[in-house]
Amino acid sequence: MQDEYALVEGCRRQDRIVQRQLYERFAGKLFVVCKRYIKDPDEAEDVLQDAFVKVFRHIDSFRFECPLEAWLKRIVINTALKHIRKQKPWEHAADVQELAPVLPQADQSLPTLNYKYLLELIQELPPGCRAVFNLYAIEGYNHPEIADMLDIAEGTSKSQYARARSLLQQKLQQDGRTAEGRPI
């Protein structure tokens, strides 16, 4: 905590060396977060850079009410979501009721997956599905929260999540892989 306090105070003084230390300490982990939302590595890097600009611009608002990494992660996620919203990947999304006959039943879920393999599969999802899946399954938000964050209807959030699950299940079957990512 003391180390984080020194980093934050240095950034508040706009000390470039301390800002660099903060960046180097957290950029790797936060880039992984960006990659969960943004498929293209160059775009993900741009989103990460935009997020750090926001961090340095708004560091005075950090009050140590949560861990610094959690605060940074939230900024990265919000920056990634803003980037995705600009692309409007939900414009032609069907509502969950329209997809009900072709989607798996609600009580079915993805099996426990090897994390690296799951991230590879998530990267192959369309942007809208990828964002909703990440927010719901990985970050733990509910559909009303996701709808609010992405400025979409709750039904769109549900349908994008259901579609993501369905696509992931299909991909697992097509790849002929076990839940752990190993070949059958």
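Atom-to-atom distance recorded for Glu43:CD and Cys34:SG is 11.0 Å, nearest 0.5 angstrom. In this structure, CZ on Arg12 lies 8.0 Å from OG on Ser61, to the nearest 0.5 angstrom. Note that CZ of Arg163 is 8.5 Å distant from CG of Leu125, once rounded to the nearest 0.5 Å. Separation of atoms CZ (Phe52) and CZ (Arg20) is listed at 10.5 Å; rounding is to 0.5 Å. Atoms CZ and CD, on Phe62 and Glu9 in that order, are 10.5 Å from each other to the nearest 0.5 Å. In this structure, CD1 on Ile75 lies 8.0 Å from CG on Asn78, to the nearest 0.5 angstrom.
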Could you walk me through whether Val76 and Phe31 satisfy the side-chain contact (heavy atoms from CB on, under 4.5 Å) test, starting with their C-alpha distance in whole Å, then the side-chain angles of each, then the deciding distance to 0.1 Å, before giving a yes or no?
CA-CA 9 Å; Val76 168; Phe31 183 68; over 6 Å; no
- prompt: What do the steps show when you test His83 against Asp46 for side-chain contact (heavy atoms from CB on, under 4.5 Å), and what is the final call?
  reply: CA-CA 10 Å; His83 178 80; Asp46 289 345; over 6 Å; no
side-chain contact (heavy atoms from CB on, under 4.5 Å) between Asn134 and Ile77, worked out
CA-CA 10 Å; Asn134 279 313; Ile77 290 170; over 6 Å; no
Between Tyr5 and Phe64, does the ring pair (Phe, Tyr, Trp, His ring centres under 6.0 Å) criterion hold? Intermediate values first, please.
CA-CA 8 Å; Tyr5 183 79; Phe64 295 96; 5.4 Å; yes
*asked:* Between Ile122 and Ile138, is the side-chain contact (heavy atoms from CB on, under 4.5 Å) condition met? List the steps.
replied: CA-CA 11 Å; Ile122 291 170; Ile138 297 175; 3.7 Å; yes
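Side-chain atoms of Thr156 do not come within 3.5 Å of backbone N or O of Ile152 as any donor-acceptor pair. Looking at Ser159, its side chain does come within 3.5 Å of a backbone N or O of Gly155 through a donor-acceptor pair. Remark: the backbone N or O of Asn142 is paired with a side-chain donor or acceptor of Glu145 at under 3.5 angstrom. Formation of a donor-acceptor pair under 3.5 Å by the Arg85 side chain with backbone atoms of Met149 is found in this model.
Here Tyr161 and Phe133 bring their ring centres to under 6.0 angstrom of each other.
Counting heavy atoms from C-beta outward, Lys171 and Glu120 have side chains that stay 4.5 Å or more apart. Leu168 is not listed as a side-chain neighbour of Leu172, based on a closest heavy-atom distance of 4.5 Å or more. For the pair Pro126/Leu167, a side-chain contact is recorded, criterion being any heavy-atom separation below 4.5 Å from C-beta on. Contact annotation: the side chain of Leu150 approaches that of Leu135 to within less than 4.5 Å [non-hydrogen atoms, C-beta and beyond]. Contact check for Lys29 versus Leu72: no side-chain heavy atoms found under the 4.5 Å cut-off. Trp71 has its side chain within reach of Ile59: a pair of non-hydrogen atoms, C-beta onward, lies under 4.5 Å apart. Residues Leu68 and Leu22 meet the side-chain proximity criterion, which asks for heavy atoms closer than 4.5 Å.
Counting only N and O atoms by type, the side chains of Gln49 and Tyr23 include a donor and acceptor under 3.5 Å apart. Looking at Arg16 and Gln19, their side chains do bring a donor and an acceptor atom within 3.5 Å of each other.
Here the shortest heavy-atom pairing between Ala27 and Leu48 reads O-CD2, 3.8 Å. In this structure, Val18 and Gly10 approach most closely via the heavy-atom pair CG1-CA, 3.7 Å. Annotation for Ile146 and Ser157: closest pair CG2-OG, 3.4 Å, computed over non-hydrogen atoms.
Environment of CG in Asp151: sparse, with no more than 12 heavy atoms of neighbouring residues, nucleotides or ligands closer than 6.0 Å.
The existence of a salt bridge linking Glu154 and Lys158 is confirmed by a sub-4.0 Å separation between a basic side-chain nitrogen and an acidic carboxylate oxygen. With salt bridges taken as basic N to acidic carboxylate O contacts below 4.0 Å, none links Lys82 and Asp50. Using a 4.0 Å cut-off between a side-chain N of Lys or Arg and a carboxylate O of Asp or Glu, Lys73 and Glu69 do not qualify as a salt bridge.
Note on ring orientation: taking the six-membered ring where Trp is involved, the planes of Tyr136 and His143 are parallel (angle under 30°, cut-offs 30° and 60°).
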